[in-house]
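Keep in mind that this is a model prediction, so the values were computed, not measured. In the text below, chain A, chain B and the rest are named by the order of the sequence lines, each starting its count at 1. Every heavy atom of this structure was used, including side-chain atoms; hydrogens, water molecules and symmetry mates were not.
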Amino acid sequence: MTSTTRDVFIGDQGSRAKPAFFSTSEKMYKIKTVLVGDISVGKTSLALRFVNDKFDESYKPTIGASFISKIVVLGDGCVVNFQIWDTAGQERYRSLVPMYLRGAHIAFVLYDVTNPESFTNVSFWLEALQHHGDMVKTVLVANKCDCESIVSEEIALSFAESHYLQFVQTSAKTGENVDLLFHRIGAKVVEEMKRVSKQFNPNDRLSLYTERSQSHEEEVQKEVKKQKKCC
Amino acid sequence: MYVYLRWRDAIKQPPKVSLNLKRCMPVVRTYSEERIDPALWFKVLVLNSVLVDIDRRKVFWTCENPKDSSKFLDNNGEQFNLQNFLDFFNTQEEISSISEYDNFEYDTRAAELFETARRIYTHLSMEVFDRVGNVSTYEDLLKILHVFILPEVKFHLKDRPSIQAVYDAMENECQMVESSINRKINEKRHYEESLARQRKSLVKTGLLLGHLNIHSDEKFYTLLSSHLDKDVKRLEDNVVSLTDNIVHLKKYGADHCDYKLSQARETRSKYIKDKEKLLYVKEELNVQRIKKIKDSRKSRPFLGRSKSLPKKSKGDSTYSTYVNESKLLDAASDEIRSLINNKIKLSGMREAVHLTITEIDGDGVSYGFNRKHGAFEAEADMFDPKKKPDDWMTLREQVQDFLNSDRSETKTRHDQFCGLVKTKCLRLLTGNRGKCSKDDSSSSTEGHVSKLSKRYSVRWLHGSVPKKECEKLCEEVSEYILDTAHMMALEIQGRDSEFITYHTHVYICYEKHVADDVMPELSKVFKESFRNQCEQLYEWIATYSMTELEFITKLMSQLFPDENDRDIRLVNPTGSLPRDTSGQIADTWENGGNCGRGLSRLSKSLEHLPLSTLVDTLHEQTGNLAITFEKAWSVVSCEGDSTKSLKSLCKDDKIYTTFSEFFKLVQKEMKTFSIFDKLRLLSRAVQIVQSRAEKLLKLKGHKYDLTTDDMLDILILLICKLDPNSLLCLYADLNLILHLTPSFLQGSMSQYCLVTLTGAFQHLFERQELQGTSSETNA
C-alpha cells in the first residue's frame, strides 16, 4: 500500500525523510498461547512435543519449558510465532494464573484422561479464563490419550459443548494431534487477526496499541456462541 | 572478503567486498563508497568471509578461507552441502552482541540489519547483480557492514598474524603515498618556478602590452591577472613583514644593527618598487583589455556578420605555454591534495590496526577502536562512526537527531514534559512524606486473595505515595511516548503498510531518552509507595519463611542434595543493616553484646547474616576489631550451637555462588533507566536462573525441563535472599515496568519473565497475609 500521507513532513525533508532503513516486509503474526490445567496433566510435555517434534532451527528464545517461542509457516503461507506460556498448575499458585492469561490469543485447557480430578478442575480453569482471559480461542484438550481413559470421552465432549469449547484429544507422548491442534487453532486466530486489521482505521493511532477493539470482542463472542460444534 | 547470505535455507554470495587502498574506500564491483570513515574497513583485509544467517538471525565471521575446505561439499565431493557449510561457520566466530540483543525482541539494530540483509538477498539475482549500476544493493551491502557488522567484529590473539600482515601492508602503502606526495610537490615546485620566470619575462619585455588578443587570450588574461594578484599579495606580505622587522630593529636594535636596518630598508624598497611595477602592469593590462573589447564591438556592428577569424597575436605560443603549464600546476596541486587526504585516511586505518595489535597484546581482544560502556567513543579523529551518509543513519540515530537541536519543537516538548513529570514526582515525594495512603486499590491483588480479610487489603496499601498517583504518572508517560513516537514515525517514514512496526521501533528508541530524564524520579516515587509493604515482607521472610514456605525445603533438597547443604536460611546475608524508623541503623547492642535476654527484632536479622558479611557490617559500625569480634561471636553463639551456625552460614553462600549472576543482574537492573534495558536484564536474570537450576538438577541426576511451578519456587527462594533495599527496589521496579510496558510486548519472553517475577512476589505477599490472618484467628 502506498501511502498518500507520505508527502507530509513536519520538518526538513532531508535526512529524516529518507526511506526507512528497515521494514517488516515479511509479516509475522505473534500469538500468545497459554497452557492451563492441573499439575502433571502434560502442559509442559505438550509444548515441548510441539516444539521438538520437528526440529526447527528458527529463532526461538526460551526459558526452559516454561516459555517457548516457535515460528511456523501455516498452510496459506502465513508466518506465525507461537509464544507458548506454561502456567503454574499447583494449588498454591492458582491465584497467580490470571496474571499469565492477560492478552492471550489461545488458551489450551488441559486435563489428564487418566486423572478424573484434573477433569473436575477444568471448571476452575475455565472460570479463571472467563474472568481474566480475553482470548479468542479456548480449547479443551484431553491429554495422554495414548493411555487408557478413565474420563469418559462423551462426558468431556458434552462438557465442551455446553461451554462452547472446542475439544481435542492429544498425546504429548506420541505426538498425536499436537501439531494439528496448534496449526488449526493458529490458523483461526490469524484469520481473526486479518479481519481485525482490515477493519483497522489507519488514522486511529490508539487502536494500534489496543489488543483487540471492542467491536472485535463482540464479534468474537458472537462467533464463540455460533461454534457449538467441537472439532 | 566474501559475504554469504542465508535465507530460507539457501545461500547467496554477493560480489567480493574489498578495500581500495589507493583511494581508501570500500568497493563492491562497480560501487565504491567515499562518504564514510574507512578506519574500521581494515577488517575487510583481515577477514576472509562473513555469514549473515537471516534464518537464525546470527552473524558469523572467519579469517579462514572456507573455499579451501572440502567440507562444504557432499560425500561425493561434488556438490555444495548447506549443512557442511553451516557446520563450518558454527565453529567460527559469532557476533554475539547481535543475537543477544535480538533475543529480547526490542532491539531495533538487529531488526534493521536482518531486514536489510534480506533485501540484499532478494535483489541478488544473477541478472540483476551482474548489471552495472546496481547501486542500491551494493550500497546496502556496504551499509550493513559499516554500521552493524564491522564495529562488532572482535579479534583475538589467534588473529594477530593476519592483522600484523595487514599492518605491514598499510605501512608500505603509507610510505608509497608519502613518496608520491614528495614527487608531486617537486613537480609542482618546478611548474611554479617556470611560471614565475615566464611572468617575469612578460612583465620585463612588455610583450603582452599592445599584443593581447582579447578574444583568443581571454583565458590567458584571467590566469595572468590572478597570478599577478598572487604575486602582489606575496610582495605585500613581504613588505609588512619587513616593516615589522624594521620597527623592531629601530626600537631595540643596538648600534651594530644599523647595517641590518639599512639592508632591510633596501629590500623593502625593492619589494615596494616591484609591487608598484606589477600593479602598473596589471592596470595597463586591464586598460588594454577594455580598449580591445570596445574596438572589437565597433568593428562588429552586429553579431553574426563578421566571419573573419581573430588575428593570431604575436604572443600566442607564449600564452599557450603559460596556460598549459598552469594547468599542469593545478593538476599537481589537486593530486597532492588528494594524496594527502588518502594519507590521512590511510593513517587512520593504520592507527586502528596498531590499536588492535596493542589491545590484543595487552587484553587479548580488540574491536579495533576504543569502545567503552558499549558505546562508541572515538579516539581523536581515528574513527568516527557517525561519519556516514545521512541515509545510513540507524533509527536510533534518527530519533536522537530529533532531540539534538535545542530549537526543535520536539526537543522543547520533550524538555517541558520531562520537567513536568519531575515536578510532579517531587511534589508527590515531599507532599506525601510521612502519610500513609489507604484509599487506593492495589492492582496486583487478584483471584481468591481478594476474598481475604479487610486487614489484608489495608496492609498492602501502605505507602507514603498513593498507588493511584503512581499509575497516573505512568499513564501520562506512556501516552506521551506513544504520541511523540507516532509523530516521529510519521516524519521519518510516512504512513505506509509497515507503519505499526515502525511505530513500535521508534517507541523503543525514543523511550530511552524519556527514561534517562524521568526514571530516577519515578523510581523514587514508586519506592516510597512500596516501602512499608516491602519492609513488612522482609521482616516476615526473616521470621516466618522457613516455617511458612514449606516447599523451600523440598526445593533445597533437590538443588543441594548434600545433607549439610540443605541447612540454608531464608534471609539475606548481603543485607544492609536494618534501620529504625528515622532511617538510622538501629542500635541493637545496648546490652553490651549480651543477646541472651532476647535480641530485639532487628538484631535477630543479624543472626542470619553470613559470618563474613556480619563481621564487615559490624566493623563498619564499631570501627574496632575487638568489639566487632565480641559482637559477632555473641550473635553467632546466640543460636545455641555455634559450630552448626557457622557451618550453615558458610553453606548459605552456596545459593549466592550458584545464582550469583541473578543477583548481579538484578543490581544492574536497578541502575538502568530504560524500561527495555530493565526488561532485558530481568529476562536475562530469569533465563540464567533457569539454566543454572537445570544444570544443577542434571548434575544430581534429575533430568527434566523446568516448568513455571519450578521457576516460581526458585524465584521465591532467591527473592527471600535479597537484602531489604534490593527487595524494595526490585518490587518497586517490577511495578513500574508493569505500568510502563507498551502493549506490543504482550506475549513476549520479557513479559513472561516480568509476570513470573511479579508472581513470585505476589505469592510471598499472599503467604504473609494468610499467615497473619491465621495468627489473628488463633489468637
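Applying the side chain to side chain contact (heavy atoms under 4.5 Å, CB included) criterion to B/Ala117, with sequence neighbours excluded, gives B/Leu5, B/Val52, B/Ile54, B/Ile144. Every residue two or more places apart in sequence or in another chain that forms a side-chain hydrogen bond (donor to acceptor under 3.5 Å, both in side chains) with A/Lys144 is listed here: A/Asp112.
In this structure, A/Arg92 satisfies the cation-pi test against B/Phe551, with its NZ or CZ atom closer than 6.0 Å to the six-membered ring centre and inside 45 degrees of the ring normal.
Only the backbone of B/Leu706 comes within less than 4.5 Å of a heavy atom in chain A; its side chain stays farther off. For B/Thr756, the parts sitting under 4.5 Å from any heavy atom of chain A are the backbone and the side chain alike. Contact of A/Thr44 with chain B is made through the side chain alone, with heavy-atom distances under 4.5 Å.
No other option in B/Glu694, B/Met711, B/Arg767, B/Gln751 has as many heavy-atom pairs under 4.5 Å with chain A as B/Gln751. Across B/Val689, B/Asp710, B/Val755, the residue that shares the most heavy-atom pairs under 4.5 angstrom with chain A is B/Val755. Between chain B and the options A/Asp86, A/Val97, A/Thr87, heavy-atom pairs under 4.5 Å are most frequent for A/Asp86.
Between A/Val122 and the options A/Val109, A/Val36, A/Asp38, a side-chain contact (heavy atoms from CB on, under 4.5 Å) holds for only A/Val109.
No side-chain donor from either of B/Gln690 and A/Ser66 sits under 3.5 Å from a side-chain acceptor of the other.
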